[in-house]
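Scroll down for the structure; my scribbles are underneath it.
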Amino acid sequence: ASPADPMVRISLRLIPYSSSQWLVVVRDVTKLMRLEQVRRDFVANVSHELRTPLTVVHGYLDMIEPGEHPELATMVEEMRRQSQRMTQLVEDLLTLSRLEAQESLPEEPLAMAPMLVTLRREAEALSQGRHTVRVQDTAGCDLTGSTKELHSAFSNLVSNAIRYTPTGGSVLIRFEPVAGGGVRLAVQDTGYGIPEQHLPRITERFYRVSTSRSRESGGTGLGLSIVKHVLSLHQARLELESEVGRGSTFACVFGPARVRMRGPAGNPGAD
Ligand code: ADP
């Protein structure tokens with residue numbers, strides 16, 4: 001421990017040793033946790049500092065009038081696209097830093113009927129008619145949690161389903177009950193699928209199956225990390241099934257404690 005922060009952090013691990021004995025492994029993780037905090041602060045600060053210059057670049061790019069120079073128009077368009085990508089990256093990094101710093105989120109009633117309508121609209125806007133988008137709601141209940149963060153998690157899954165499904169494919173958003181009184185929001189696509197060896201690492205920051213395809217699809221590489229953090233703050237988990245060439249299903253699984261009776265029709269989510 002240091003004089004500035006006298007707290008010592010330890011990690012305890014119980015390992016079975018024999019039929020009647022356990023090994024207790026005690027590790028001092030004070031330094032490790034402090035380093036982790038330094039990394040988090042660094043990422044948050046850099047991201048924050050990048051916001052203002054990016055806003056300035058955007059502003060000036062919008063003011064450029066290519067006039068009679070078509071090649072200038074192409075260049076400006078590309079610069080706009082790239083600076084928008086950078087802005088999205090910075091926003092996603094800030095979202096992750098914010099989520100990492102939080103221990104809990106507000107417990108709000110979350111009406112699922114309007115949420116599903118919004119998700120469907122978002123999918124259709126992104127697809128621009130290239131996919132069939134369907135929604136099924138058989139859960140008959142709502143959720144409690146942070147509306148903003150859960151919307152961002154669900155949105156990320158829907159956006160991935162569209163971006164990693166070729167034209168002509170379909171995306172199905174299902175809100176359904178699970179055994180034991182819980183509920184799940186599943187996003188199923190008929191897209192490229194993910195090879196099995198990538199599955200264990202798929203929610204790591206910047207981990208991508210095919211870098212070129214992911215870049216082309218316009219993502220930041222942080223979407224699934226955000227999903228994982230949001231779910232963990234709701235004591236929920238991410239389930240994933242995927243088959244190459246057939247498609248993937250990403251499901252957010254919530255326990256009974258997150259389930260809420262659905263309000264009367266016309267006032268979804270109300271008590
Ligand atoms: P990205 O911005 O690259 O999409 P994500 O964290 O959202 O970042 O996803 C990580 C990687 O997981 C993607 O680059 C892609 O390779 C893979 N992936 C995510 N969702 C799907 C999906 N529905 N179908 C196929 N691959 C997917």
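Order of listing sets the numbers, starting from 1, for every ligand and every atom in it.
- In terms of protein heavy-atom proximity, atom 19 (C) of ligand 1 is nearest to Asn160 ND2, 3.6 Å.
- A donor atom on one side chain and an acceptor atom on the other are found under 3.5 Å apart for Ser242 and Ser248.
- An N or O contact shorter than 3.5 Å is missing between Ser225 and ligand 1 by distance.
- Without hydrogens or angle criteria, Arg9 side chain to Thr30 main chain gives no donor-acceptor distance under 3.5 Å.
- A donor-acceptor pair is defined here as one N or O able to donate and one able to accept, closer than 3.5 Å; such a pair exists between the side chain of Arg130 and the backbone of Ser127.
- Leu224 N, 3.7 Å is the protein heavy atom nearest to atom 5 (P) of ligand 1.
- The line from CZ of Arg205 to NZ of Lys228 is 10.0 Å long, rounded to the nearest 0.5 Å.
- Atom 23 (N) of ligand 1 has as its closest protein heavy atom Asp189 OD2, 2.9 Å.
- Ligand 1 places these atoms under 4.0 Å from at least one heavy atom of Val209: 16 (O).
- The closest approach between a heavy atom of Gly191 and any atom of ligand 1 is not below 4.0 Å.
- Checked against a 3.5 angstrom limit, the closest N/O atoms of Ile194 and ligand 1 fall outside it.
- A donor-acceptor contact under 3.5 angstrom links the side chains of Gln82 and Glu78, judged on distance only.
- In this structure, the protein non-hydrogen atom closest to atom 14 (O) of ligand 1 is Ser214 OG, 2.6 Å.
- The distance from atom CD of Glu36 to atom CG of Leu32, rounded to the nearest 0.5 Å, is 7.5 Å.
- Each of the atoms 10 (C), 11 (C) of ligand 1 lies under 4.0 Å from some heavy atom of Tyr207.
- The CZ atom of Arg51 lies 4.5 Å from the CD atom of Glu91; values are rounded to the nearest 0.5 Å.
- With respect to Asp137, the salt bridge (charged side-chain N to carboxylate O under 4.0 Å, His left out) criterion is satisfied by exactly one of Arg184, Arg120, Arg262: Arg262.
- Those atoms of ligand 1 with a heavy atom of Gly221 less than 4.0 angstrom away are 1 (P), 2 (O), 3 (O), 6 (O), 8 (O).
- Looking only at protein heavy atoms, the nearest one to atom 3 (O) of ligand 1 is Arg208 NE, 2.8 Å.
- Counting heavy atoms under 4.0 Å from ligand 1, residue Asn156 does not touch it at all.
- The CG atom of Asp189 lies 11.5 Å from the CZ atom of Arg163; values are rounded to the nearest 0.5 Å.
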Validation: residues 56-66 side-chain donor-acceptor distances under 3.5 Å, sequence neighbours left out:
{"unit_1": "His58", "atom_1": "ND1", "unit_2": "Ser83", "atom_2": "OG", "d": "3.4"}
{"unit_1": "His58", "atom_1": "NE2", "unit_2": "Thr87", "atom_2": "OG1", "d": "3.1"}
{"unit_1": "Asp62", "atom_1": "OD1", "unit_2": "Arg80", "atom_2": "NE", "d": "3.2"}

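- Ligand-side atoms of ligand 1 in range of Gly223: 5 (P), 6 (O), 7 (O), range being under 4.0 angstrom from any heavy atom.
- Residue contact check for ligand 1: Phe206 places no non-hydrogen atom closer than 4.0 Å to it.
- Of the polar atoms of Thr220, at least one N or O is found under 3.5 Å from an N or O of ligand 1, judged by distance alone.
- The N/O atoms of Ile202, backbone and side chain alike, include none that comes under 3.5 Å of an N/O atom in ligand 1.
- Residue contacts with ligand 1 for Tyr192 are absent, since no atom lies close enough (heavy atoms, distance under 4.0 Å).
- Which parts of ligand 1 touch Gly219 is read off a 4.0 Å heavy-atom cut-off, strictly below it: atoms 2 (O).
- Under a 3.5 Å cut-off, the side chain of Thr249 and the backbone N or O of Val187 do not form any donor-acceptor pair.
- Annotation: Gly193 places no N or O atom under 3.5 Å from an N or O atom of ligand 1; distance criterion only.
- Summarising the geometry, atom CE belonging to Met115 is positioned 8.0 Å from atom CG belonging to Leu185; distances are rounded to the nearest 0.5 Å.
- Residue Leu72 holds its CG atom at 7.0 Å from CE of Met79, rounded to the nearest 0.5 Å.
- Under 4.0 angstrom from ligand 1, there are no non-hydrogen atoms of His198.
- Atom 21 (C) of ligand 1 has Tyr164 CD1, 3.5 Å as its closest protein atom, hydrogens excluded (heavy atom only).
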